[in-house]
Amino acid sequence: MIYRYALRGRGDLTEWRDAARAYLSAGIPPEMIDWRSMDDADGLFGFDDNRLPDPLPNQPPLHVPPAFIKLAGAVICHSDPSRFALLYRMLFRLAHDRRLLQMSSDADVVMAQRMAKYVGRDYHKMTAFVRFKEMPLPEGVAGRRRFISWFEPDHFIVDRVAPFFQHRFTDMDWLIMTPKGSASWDGERLRTSDDPAEKPDLRDETDELWRTYYASIFNPARLKVKMMTKEMPKRYWKNLPEAELIPSLIANAEASVMEMARKAASEPLPFHHRLQEAAANAPVPSKPPAGTLPALKEEARSCTRCDIYCRATQTVFGEGPPDAKVMFVGEQPGDQEDLAGKPFVGPAGKLFNDTLALVGIDRQSLYITNAVKHFKYEPRGKRRIHQKPNLGEVRQCRWWLTQELELVKPKLVVAMGATALFALTDMRQRLEDVRGEPIAMEDGRVLFVTVHPSYLLRIPDEGRKAEELIRFREDMSKISRLAA
């Protein structure tokens with residue numbers, strides 16, 4: 001036996017829920033119910049009545065998860081005729097397995113979530129594209145302003161979205177008409193109807209204002225047709241007066257961009273003269289004395305000795321006391337250092353600072369710099385992945401490092417990593433062969449070699465990482481004793 005049940009099918013969850021409860025309490029399986037709505041070919045009036053079966057005796061009440069009620073409330077608004085059968089099938093299955101909604105790959109769950117997503121998208125588009133037109137009050141009648149609009153949703157969302165407009169436009173009377181129902185607000189009561197409305201003629205002088213506004217804000221240089229049609233699908237264009245301009249604006253975009261470029265080269269900005277005047281009256285900053293670290297840092301800001309500067313945010317120069325006894329030299333700034341303009345402030349810098357604190361070294365007493373002053377990286381999506389500088393780039397940047405050494409005159413120089421060792425000595429040998437022991441240099445300084453903190457962060461094996469951290473702390477303890 002096949003049961004037939006007809007619904008108005010206008011987004012009202014209650015009418016479906018009452019019938020579904022009755023069928024479920026009678027133990028009727030999904031395949032024995034033929035759900036219909038007034039939009040079907042034989043329509044609501046194709047049935048004499050909607051007779052429901054008697055419930056089975058001693059049936060326990062069914063409690064469904066709140067998540068299903070929320071999901072069903074959205075799905076029931078979809079215009080797909082299969083939505084009633086889908087929801088009952090899920091309800092019937094929930095009676096036997098309450099974990100159904102947790103099965104993200106289940107075909108019924110996937111379909112229901114997809115329908116809910118489309119309903120949510122339709123809701124969003126309605127809140128974005130409803131355009132109210134003011135209706136004049138009868139002559140001699142005073143009262144609240146009245147507005148009317150027309151919208152064509154894909155689904156039965158009028159009841160669902162009406163409270164949004166009540167909250168947003170509570171200070172005016174309005175009527176929203178759609179082929180799938182209407183909603184109105186008079187300042188006291190929100191009314192909705194699921195009867196289809198006929199499209200009124202709402203053309204007036206404000207249409208030209210919309211077109212003027214849209215043409216003025218349209219930027220041909222930033223035109224992305226796919227993104228534009230995604231945010232404002234073509235099916236909505238017929239009810240938006242400014243949409244009439246879109247085809248011609250797209251067609252003329254390239255010519256408009258060329259015209260903008262031509263004007264930009266010949267016509268100064270309206271406030272150009274004020275900028276020039278302010279620049280002329282601005283005090284000239286005093287330059288630091290020549291032959292000092294501040295002067296060297298200022299000079300390094302405009303460094304173009306190698307190609308790394310082209311993509312870096314800024315030069316990351318060394319920092320610390322100009323008479324520091326100990327100078328630490330790393331490889332190059334990382335992503336966070338490039339943005340901050342300071343050395344060793346990222347993850348490797350945190351590890352470096354923590355280790356200094358453990359062995360009793362005050363970072364403020366050190367001069368800290370890098371062999372290369374710009375961040376070399378490879379872009380991968382939104383991330384910037386560190387790239388090791390080549391020997392030519394290190395040699396070009398050695399000019400700055402040499403001057404830092406001459407100005408600071410440190411007693412002890414610590415090379416952290418192979419790049420720093422090469423920059424200081426031109427030595428290309430295994431780090432392990434020279435690590436951990438002081439090396440006398442020709443200029444009278446002492447060189448100490450250890451690993452770079454970023455090396456420790458990249459060790460995948462936790463046991464080996466712990467061992468290397470202990471060795472790094474031991475190196476720092478030796479540095480502390482050498483600097484005393």
Side-chain angles (χ1 to χ4, degrees), residues 7-17 35 37 39 65-87 89-90 100-132 149-169 174-183 185 190 192-194 196-197 199 210 214 217-218 222-243 246-247 250:
L7 303 164
R8 286 188 63 81
R10 289 294 183 266
D12 181 8
L13 180 63
T14 303
E15 63 167 352
W16 171 86
R17 183 176 58 192
W35 297 93
S37 78
D39 297 310
F68 176 75
I69 300 298
K70 181 179 179 181
L71 180 64
V75 172
I76 208 72
C77 297
H78 202 280
S79 56
D80 191 326
S82 68
R83 63 192 183 278
F84 310 116
L86 170 66
L87 289 176
R89 190 162 59 247
M90 293 179 68
L100 173 64
L101 296 182
Q102 301 172 22
M103 303 176 187
S104 57
S105 61
D106 182 86
D108 287 342
V109 174
V110 170
M111 178 59 71
Q113 290 176 342
R114 184 176 299 154
M115 287 185 179
K117 178 181 177 181
Y118 290 151
V119 168
R121 185 178 299 169
D122 208 27
Y123 179 107
H124 171 71
K125 297 302 182 187
M126 185 168 177
T127 61
F129 296 132
V130 160
R131 296 287 174 77
F132 285 107
S149 67
W150 171 259
F151 187 75
E152 299 179 21
D154 292 330
H155 308 292
F156 300 101
I157 60 170
V158 174
D159 266 351
R160 195 175 182 85
V161 76
F164 167 85
F165 288 99
Q166 177 194 351
H167 178 74
R168 183 77 177 271
F169 304 107
W174 50 260
L175 169 64
I176 301 176
M177 306 171 68
T178 86
K180 290 180 167 59
S182 302
W185 168 251
L190 179 66
T192 59
S193 168
D194 58 19
K199 183 177 180 180
W210 273 110
Y214 190 77
I217 65 169
F218 180 78
R222 294 187 175 182
L223 176 63
K224 295 182 179 179
V225 177
K226 288 186 178 180
M227 180 62 69
M228 183 181 70
T229 53
K230 178 182 177 182
E231 294 300 320
M232 189 168 68
K234 290 185 177 181
R235 64 178 178 273
Y236 299 115
W237 289 14
K238 59 184 176 181
N239 295 317
L240 299 174
E242 67 271 25
I246 293 177
I250 293 175

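Any value given below was found using the heavy atoms of this structure, including those in side chains, with hydrogens, waters and symmetry copies removed. Numbers for residues simply follow the sequence, beginning at 1.
Closest heavy-atom contact between Pro153 and Lys180: O-NZ, 3.7 Å. Across Ala74 and Ala116, no two heavy atoms sit closer than the pair CB-CB, 3.8 Å. Minimum heavy-atom separation, Ser104 to Val110: O-CG2, 3.3 Å. Of all non-hydrogen atoms in Trp174 and Gln166, the two that sit nearest each other are CZ2-N, 3.5 Å. Heavy atoms only, all atoms of each residue included: Thr229 and Trp237 are closest at CG2-CZ2, 4.2 Å. The minimum heavy-atom distance linking Thr192 with Ala183 is given by the pair CG2-CB, 4.0 Å.
Between Phe132 and Phe165, the ring planes lie perpendicular to each other; the angle is over 60°, past the 30° to 60° tilted range. Classified by interplanar angle (parallel below 30°, tilted 30° to 60°, perpendicular above 60°), the ring pair His155/His78 is tilted.
Considering only heavy atoms from C-beta on, Gln102 stays 4.5 Å or farther from Val109 through its side chain. Taking the side chain as every heavy atom from C-beta outward, Phe129 and Leu240 approach each other to under 4.5 Å. Residues Ile246 and Tyr214 are in side-chain contact: their nearest non-hydrogen atoms beyond the backbone lie under 4.5 Å apart. Two residues are said to be in side-chain contact when any heavy atoms from C-beta on lie closer than 4.5 Å; Leu86 and Arg89 meet this criterion. Counting only heavy atoms from C-beta outward, the side chains of Thr127 and Phe151 never approach each other to under 4.5 Å. Counting heavy atoms from C-beta outward, Asp159 and Asp12 have side chains that stay 4.5 Å or more apart. Looking at Leu223 and Phe218, their side chains come closer than 4.5 Å, going by heavy atoms from C-beta outward.
In this structure, Met126 CE and Ser149 OG are separated by 7.0 Å, a value rounded to the nearest 0.5 Å. Residue Phe156 holds its CZ atom at 9.0 Å from OG1 of Thr178, rounded to the nearest 0.5 Å. We find the CD1-CZ distance between Ile76 and Phe84 to be 5.0 Å, quoted to the nearest 0.5 Å. Between Trp150 atom CH2 and Ser182 atom OG the span is 7.5 Å, to the nearest 0.5 Å. We find the CD-NE2 distance between Glu231 and His124 to be 6.0 Å, quoted to the nearest 0.5 Å. With rounding to the nearest 0.5 angstrom, the CE atom of Met115 is 4.0 Å from the CG atom of Asp80.
More than 12 non-hydrogen atoms from other residues, nucleotides or ligands lie less than 6.0 angstrom from NZ of Lys199. Within 6.0 Å of atom OH in Tyr118, 12 or fewer heavy atoms from other residues, nucleotides or ligands are found, so the atom counts as exposed in its surroundings. Dense packing is recorded around CE of Met232, with more than 12 heavy atoms of other residues, nucleotides or ligands lying under 6.0 Å away.
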_Verdict with reasoning, Asp194 to Val158, per side chain to side chain contact (heavy atoms under 4.5 Å, CB included)_ = CA-CA 8 Å; Asp194 58 19; Val158 174; over 6 Å; no

*Walk me through it: do Val119 and Val75 pass the test side chain to side chain contact (heavy atoms under 4.5 Å, CB included)?*
CA-CA 7 Å; Val119 168; Val75 172; over 6 Å; no

*Walk me through it: do Leu7 and Trp35 pass the test side chain to side chain contact (heavy atoms under 4.5 Å, CB included)?*
CA-CA 8 Å; Leu7 303 164; Trp35 297 93; 4.0 Å; yes

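For the salt bridge (charged side-chain N to carboxylate O under 4.0 Å, His left out) test, residues two or more places apart in sequence or in another chain that qualify with Arg131 are Glu242. Not counting sequence neighbours, the partners of Asp154 by the salt bridge (charged side-chain N to carboxylate O under 4.0 Å, His left out) test are Arg235. Qualifying salt bridge (charged side-chain N to carboxylate O under 4.0 Å, His left out) partners for Arg17, counting only residues two or more places apart in sequence or in other chains: none.
Using a distance-only test at 3.5 Å, with no hydrogens or angles considered, a donor-acceptor pair links the side chain of Glu15 to the main chain of Arg8. Without hydrogens or angle criteria, Arg160 side chain to Gly73 main chain gives a donor-acceptor distance under 3.5 Å.
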